[in-house]
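In what follows, every chain begins at residue 1, and chains take the letters A, B, ... in the order their sequences are listed. Basis for what follows: all heavy atoms, side chains included, without hydrogens, waters or symmetry-related copies. Remember, predicted model here, so these are calculated numbers, not experimental data.
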Amino acid sequence: MRDYLQAQLRAVLDTLGDVPPDFEIALETPDRPEHGDLATNTALRLGSVLDDNPRAIAETIAERLRERVDPARIQSVEVAGPGFINVRFAQDYLFDGLADLLAQGDAYGRSDAGDGQRALVEYVSANPTGPLTVGHGRNAVLGDTIATLLDWTGYDVTREYYYNDAGRQMRVLAQSVRARYEALATPDLDTKTLTLDDDTTVEVPEGFPEDGYLGEYITDIARSLYDEHGAKLLTTESLTPFQEAAEEAIFADIEATLAQLNIEMDAFADEQSLHDEGRVEAVLDGLTEAGLTYEEDGALWLKTTAFGKDQDTVLVKTSGEPTYRTPDIAYHITKFERDYDLMIDILGADHHAAYPDVLNALDALGYDADRVDVVLYQFVTLVRGDEPVKMSTRRANYVTLDDLIEKVGADVTRFFFLMRSPDTHLNFDLELAEEESEKNPVFYLQYAHARICSVVDKAEEVGFSYDEDADLSLLTHEAEIALIKELLRFPKALRDAADARAPHLVPNYLEDVATAFSQFYDNCQIIGVDDDLATARMQLALAAKTVLKNGLTVLGLSAPRQM
RNA sequence: GCGCUCGUAGCUCAGUCGGACAGAGCAUCGGUUUCCGGUACCGAAGGCCGGGGGUUCGAAUCCUCCCGAGCGCACCA
């Protein structure tokens, strides 16, 4: 409909003369029903271009539009206010749309806007040094839902998880496990005292790294190694068995957490392979050839000042190890080599200063960095009552994503992260978590869905049989028409959310649908009225169920038959 | 000091490309049930859209300055 109207308006503008051919025609859904179903401010914006009264321009456009528009689709074209042109849909258009919705069923809402382009969404990407935090949860749920939105809008989507297994972090992790293992294998081993940032102290085994990981899970991993190997590993110098055991155990944990949230990755990419395949070296060579590096103080620097930054950035440390940026660039090159049209990275706000380096480097190396789209999300702040909850990955005294899921459930957890714009800082009061979960709008959506299921059950119970070729034109009640219009917005709502990488638009939309359904339900009896009308209303209820179900599915939420 | 993201009702947040009287949920107060799920529906109250200046026919939205919050500005990731 939008496309149709856009084309008709364009044709009308061509008859006016003096309108630039690239003049943009903006169509919007007005807030108020009395302003019609679609409105355009074209005449207002043409006022200055044509140097004429907007109201007069609007009258001219409206008149010519009425002449050429198909009455089966458009009921009326009116000029209102300072020069808005309000268009009202014909009822037949609504009924045709509703019939189409019902025919599409589970596929309703899908579109081919992406035209089969290949998209890679990289998300989670937490390094396997400990359980996922609530912050990782936001990343995971955002990435997963953006991936689903792209899938529904016609992209061929791959979900990928990248992790750094080559750097210092993993070495410290392995050393931490090893120290705990040594303590288990040597009960009288000396201990030492570590003083942490907050001036608290903790007793650790002698060989424990200064900045080691203190979580209980480290000891668990050490214990399972001890159970399996006894004291044998004491004789080996290598950290490899410790690192491998830690990585395996922690990854199993992470994947289990993700599975609880309905998240399954298609692929994992690791940093070590990039080193092994010489890709990191190749990046350094490439950047050096491009004249973007220099050596100073024993390190290799990237001239980020050439990209407008106020300082240069280290690519290779004096130790000879690259900083994470270098393999990151190499990793992104593998994405290009795998021929993705669109690459989306989901990153926390703390990365915002770093990712431009990667994009600029890619650009300098001849890759089209415009195909990489970074979605930044703000941090999740946890509070308990009025007290902020201190989080430290190192101490593992944080609230894990598992804790949160256990407390409020997977649906609420997902919805909580999805209902707000990625740009907003999330405040989460743990003390009120359970109470709040009962007020969470996700239940409002699920309740509406369950209610429709209940009506279907009731119909069967009382022996009311409704068939598919209902006379939908019997749906004339204000609440019925409003619900139909709401339901027909679904595909556009998904496209908008996908295009803007803004999952929160979907919950917002679905709340409108649930409200429209509840109002319809409240005003219009279904079972028990005249059979033809009852049949038509039943079909409308099923259409609402379809949209709610599909919408919840896109969000990765369950659509329960009863609550 | 510099950069990024923000600041909208008591609280948590929407607000499309600059458009019509600024919205929702929760909390508060009031109303609705012989009938398909009242976990619902209807209504009331609640706003200097952080503040000043500017652009525009029109600004919560764009520009600028100021105030406030979070996050960066590592040879950590």
Side-chain angles (χ1 to χ4, degrees), chain A residues 24 26-32 34-35 39-41 44-45 47-48 53-54 80-84 86 125-127 129 163-164 167-169 172 211 271 297-301 308-311 313-325 328 348-354 356 376-379 381 393 419-429 432 435-436 438-441 443-444 446-448 450-459 461-462 464 492 496 500 502 504-505 507-508 511-512 514-515 517-519 521-529 534 537-538 541 562-563:
Chain A
E24 195 191 344
L27 286 172
E28 61 171 15
T29 306
D31 293 334
R32 295 163 194 281
E34 61 266 32
H35 293 145
T40 181
N41 61 2
L44 287 166
R45 291 178 34 247
S48 56
N53 180 351
F84 288 101
N86 297 334
S125 293
N127 292 335
T129 58
Y163 61 100
N164 304 102
R168 206 185 69 88
Q169 273 196 350
V172 173
D211 50 358
E271 180 188 344
D297 302 333
L300 186 71
W301 295 73
K309 281 211 167 183
D310 50 14
Q311 38 185 298
T313 307
V314 171
L315 280 180
V316 181
K317 305 182 233 177
T318 41
S319 68
E321 266 184 317
T323 60
Y324 76 98
R325 247 170 274 248
D328 246 26
D350 54 338
H351 285 74
H352 92 266
L376 276 186
Y377 62 93
Q378 299 299 314
F379 273 25
T381 313
T393 305
M419 64 191 285
R420 289 144 160 100
S421 154
D423 280 339
T424 338
H425 303 94
L426 276 188
N427 268 319
F428 191 2
D429 187 341
L432 296 175
E435 188 193 343
E436 275 188 14
E438 283 165 26
K439 300 171 195 158
N440 196 299
F443 291 113
Y444 182 66
Q446 293 178 326
Y447 177 76
R451 215 177 197 186
I452 299 170
C453 293
S454 170
V455 173
V456 172
D457 292 344
K458 183 74 177 184
E461 192 183 314
V462 302
F464 170 58
K492 173 89 170 29
D496 286 348
H504 70 284
L505 297 177
N508 289 354
E511 280 176 54
D512 289 344
T515 297
F517 170 75
S518 293
Q519 288 168 339
Y521 181 86
D522 208 59
N523 282 288
C524 305
Q525 174 88 19
I526 302 172
I527 298 166
V529 300
R537 285 181 172 169
M538 201 68 191
Q562 48 186 306
M563 304 192 61

Pairwise 5' ranking along RNA chain B for A/Pro441 and A/Met419, keeping only the more 5' one: A/Met419
Spacing of [X] atom [atom1] and [Y] atom [atom2] [to the nearest 0.5 Å]:
X        : Y        : atom1 : atom2 : answer
A/Tyr521 : A/Arg451 : OH    : CZ    : 4.5 Å
A/Gln562 : A/Asp457 : CD    : CG    : 8.0 Å
A/Asn41  : A/Phe84  : CG    : CZ    : 6.5 Å
A/Ile452 : A/Phe517 : CD1   : CZ    : 4.0 Å

How far, in whole Å, is [M] from [N] if one measures between their [atom1] atoms?
N     : M     : atom1 : answer
B/U5  : B/C57 : P     : 29 Å
B/C29 : B/A9  : C1'   : 16 Å
B/A59 : B/A40 : C1'   : 38 Å
B/G47 : B/G1  : P     : 35 Å
B/G19 : B/U61 : P     : 11 Å
B/G30 : B/C66 : P     : 49 Å
B/G18 : B/G54 : C1'   : 15 Å
B/A22 : B/U16 : P     : 15 Å

Short side-chain N/O contact to B/A14 OP1/OP2 from A/Thr424, under 4.0 Å: yes
Could you run through [range] and give me one letter per nucleotide, 5' to 3': B if any protein heavy atom sits under 4.0 Å from the base, S if only the sugar-phosphate is that close, - if neither?
range                        : result
nucleotides 17-24 of chain B : B-BBB-S-
nucleotides 72-77 of chain B : SSSBSB
nucleotides 37-45 of chain B : BSBSSS---

Exercise: identify the closest heavy-atom pair between [X] and [Y]:
X        : Y        : result
A/Lys309 : A/Ala353 : NZ-O, 2.5 Å
A/Gly167 : A/Glu271 : N-OE1, 4.3 Å
A/Gln378 : A/Asp423 : CG-O, 3.0 Å
A/Val314 : A/Ala299 : CG1-CB, 4.3 Å
A/Arg168 : A/Glu321 : N-OE2, 4.3 Å
A/Ser518 : A/Tyr444 : OG-OH, 3.9 Å

Set of ring-ring contact (aromatic ring centres under 6.0 Å, His included) partners for A/Phe464, sequence neighbours left out: A/Tyr466
Any residue meeting ring-ring contact (aromatic ring centres under 6.0 Å, His included) with A/Tyr447, in chain and number order, not counting sequence neighbours: none
Student check: side-chain heavy atoms of A/Asn86 and A/Glu34 closer than 4.5 Å: no
Pairing string, 5' to 3', for RNA chain B - Watson-Crick or wobble contacts under 3.5 Å, brackets [ ] where pairs cross, | to another strand: (((((((..((((.....[...)))).(((((.......))))).....(((((..]....))))))))))))....
Touch class at under 4.0 angstrom, heavy-atom based, for A/Leu505 against every strand present: sugar-phosphate
Side chain to side chain contact (heavy atoms under 4.5 Å, CB included) between A/Asn164 and A/Gln169, intermediate numbers included: CA-CA 8 Å; A/Asn164 304 102; A/Gln169 273 196 350; 5.8 Å; no
Gap between atoms CG and C1', on A/Asp423 and B/A14 respectively (whole Å): 13 Å
Distance in angstrom units between A/Gln525 CD and B/U33 C1', rounded: 13 Å
